[in-house]
Amino acid sequence: MSSKPSAIIFGGLNTCSRAVAALLVPLEGEPLVSHLRIVDKYSVNPPTTYIGAEFPNILKKDNVEYRQANLTVPTNVASCFDPPEGQEPYSYVFDLTGEILWDRPEKVQITNTFGISRLLGLEAARRKVKAYVRVQHPYYECKEKGKHDEKEDVKPDGIAGTWWHETLRMLASIEDLNLVILRKAMVYGPYTDCGIVIRFIAVAATYGFQKQPMKGLWSPGKYPSHVVHIDDVAGAAWALAEWMAKVGRKEADSIAGEEIIFHNEKSKVQEVEGMVPADKKCIAPLFNLEDDSNVTMVDLGNIITSFFGTTFEFFGFMTNALVKFNLSDSVEEINETHVTAWTQMITQADPPVVNTPFTAYMDLYHLKKHTIALNADKIKNVIGYKLRRPNINHETIKEVIDKLRAEGTWPNI
Ligand SMILES: *[C@@H]1O[C@H](CO)[C@@H](O)[C@H](O)[C@H]1NC(C)=O
């Protein structure tokens with residue numbers, strides 16, 4: 001029997017799970033796990049979502065298995081935990097499930113985010129998995145000032161944020177679950193098509209292409225817009241799994257337990273199966289993750305636009321006031337020049353880009369002001385985690401763009 005753990009990654013093909021897979025079973029070098037199963041709703045062959053150029057090669061490895069499954073169905077969830085013939089039960093579960101589209105109705109959030117994670121958490125507890133790592137995206141409005149640590153009561157952002165947060169309370173309430181929560185800042189990195197940063201990069205590229213300064217909306221932009229490299233999301237998820245397997249939930253709660261505060265409507269408790277009453281105290285080990293850059297919106301704008309040979313400014317007071325007053329009416333107008341320029345870029349590129357998930361279109365959610373600050377001292381102090389990519393800079397952006405150009409999804413212009 002192998003002494004290495006085995007692992008399942010659920011969901012997140014469209015967010016961070018490909019990076020976790022690449023860490024667990026690297027293309028070159030020793031795998032960290034004896035066996036890896038990846039489960040999501042998408043087909044990977046042919047792909048029905050963007051999966052990047054590297055991931056198909058990881059799927060070809062002997063000890064990696066991909067399974068397409070509808071995880072809203074309880075029997076599907078249970079069978080995903082059955083190990084392959086002759087193997088021990090899975091040791092680690094990485095839960096990267098959840099609906100990431102911000103404009104889905106509440107019902108969809110309840111089924112796809114809360115509901116799926118609940119089935120996974122209950123089954124993982126039943127099977128006594130040694131570590132269950134839940135990855136939480138920054139669907140919060142943080143305060144501009146403050147410590148931004150895990151004790152701070154951050155407010156979930158919108159319907160998606162509310163149900164992603166509720167999911168943490170529900171998981172926390174499963175006593176026998178070896179749960180640890182990784183709450184990350186805005187992610188960026190190679191082959192990462194989700195989130196705000198990559199859109200921002202695409203828009204900055206269009207301004208560079210047009211040799212115009214990029215204009216931001218939220219002057220003076222001094223609010224935190226903290227980021228984290230995807231390699232660190234993977235690295236931290238692994239480090240937390242290893243830690244949890246050693247200490248177990250009870251000790252983990254006593255070392256790193258935080259209260260997950262109720263932020264929902266009390267009336268929902270009766271309506272949604274498995275929801276934890278508002279007055280029940282839910283404690284779980286929770287760790288923030290962000291890089292050391294501590295960037296504000298202006299810093300991020302400066303770093304990214306200068307990479308594309310342009311500058312970052314803000315709209316004048318009048319435009320700003322008008323747009324802020326009614327952002328949803330301005331979305332199409334704001335996007336017109338971005339989208340036109342991006343289309344020119346991908347058609348004039350050599351070779352032309354025929355198929356790409358990347359876009360300079362910023363929808364309402366991506367245009368809004370998002371204050372994200374999640375102090376990551378705790379994971380460094382308690383787990384001893386060391387950031388692999390401590391700063392966002394020209395080098396880390398270059399790596400992203402070079403890899404996308406090489407796979408033909410980013411204009412070479
Ligand atoms: C998954 O299963 C549920 C419940 O049977 C069903 O309503 C839903 O349409 C299925 N989703 C897909 C993508 O097939």
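Both ligands and their constituent atoms are indexed starting at 1 by order of listing. In this text, all values refer to a predicted model and were calculated from it rather than measured experimentally.
- Looking only at atom types and distance, the side chain of N264 has no donor-acceptor partner in the side chain of T162 under 3.5 Å away.
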When you check ligand 1 against the protein, what N or O pairs turn up below 3.5 Å? List the atom names and distances, or just say none.
unit_1: ligand 1; atom_1: 2 (O); unit_2: N70; atom_2: OD1; d: 3.4
unit_1: ligand 1; atom_1: 2 (O); unit_2: N70; atom_2: ND2; d: 2.3
unit_1: ligand 1; atom_1: 2 (O); unit_2: T72; atom_2: OG1; d: 3.2
unit_1: ligand 1; atom_1: 11 (N); unit_2: N70; atom_2: ND2; d: 2.9

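- Here the two rings, on Y361 and H338, have centers that are 6.0 Å apart or farther.
- In this structure, W342 has its ring center at least 6.0 angstrom away from the ring center of F358.
- Under the 6.0 Å cut-off for aromatic ring centres, F81 and F10 qualify, their centroids lying closer than that.
- Ring centroid separation for the pair W164 and W102 does not come in under the 6.0 Å cut-off.
- When the side chain to side chain contact (heavy atoms under 4.5 Å, CB included) test is applied to S6, the partners found at least two apart in sequence or on another chain are S34, H35, Y90, S91.
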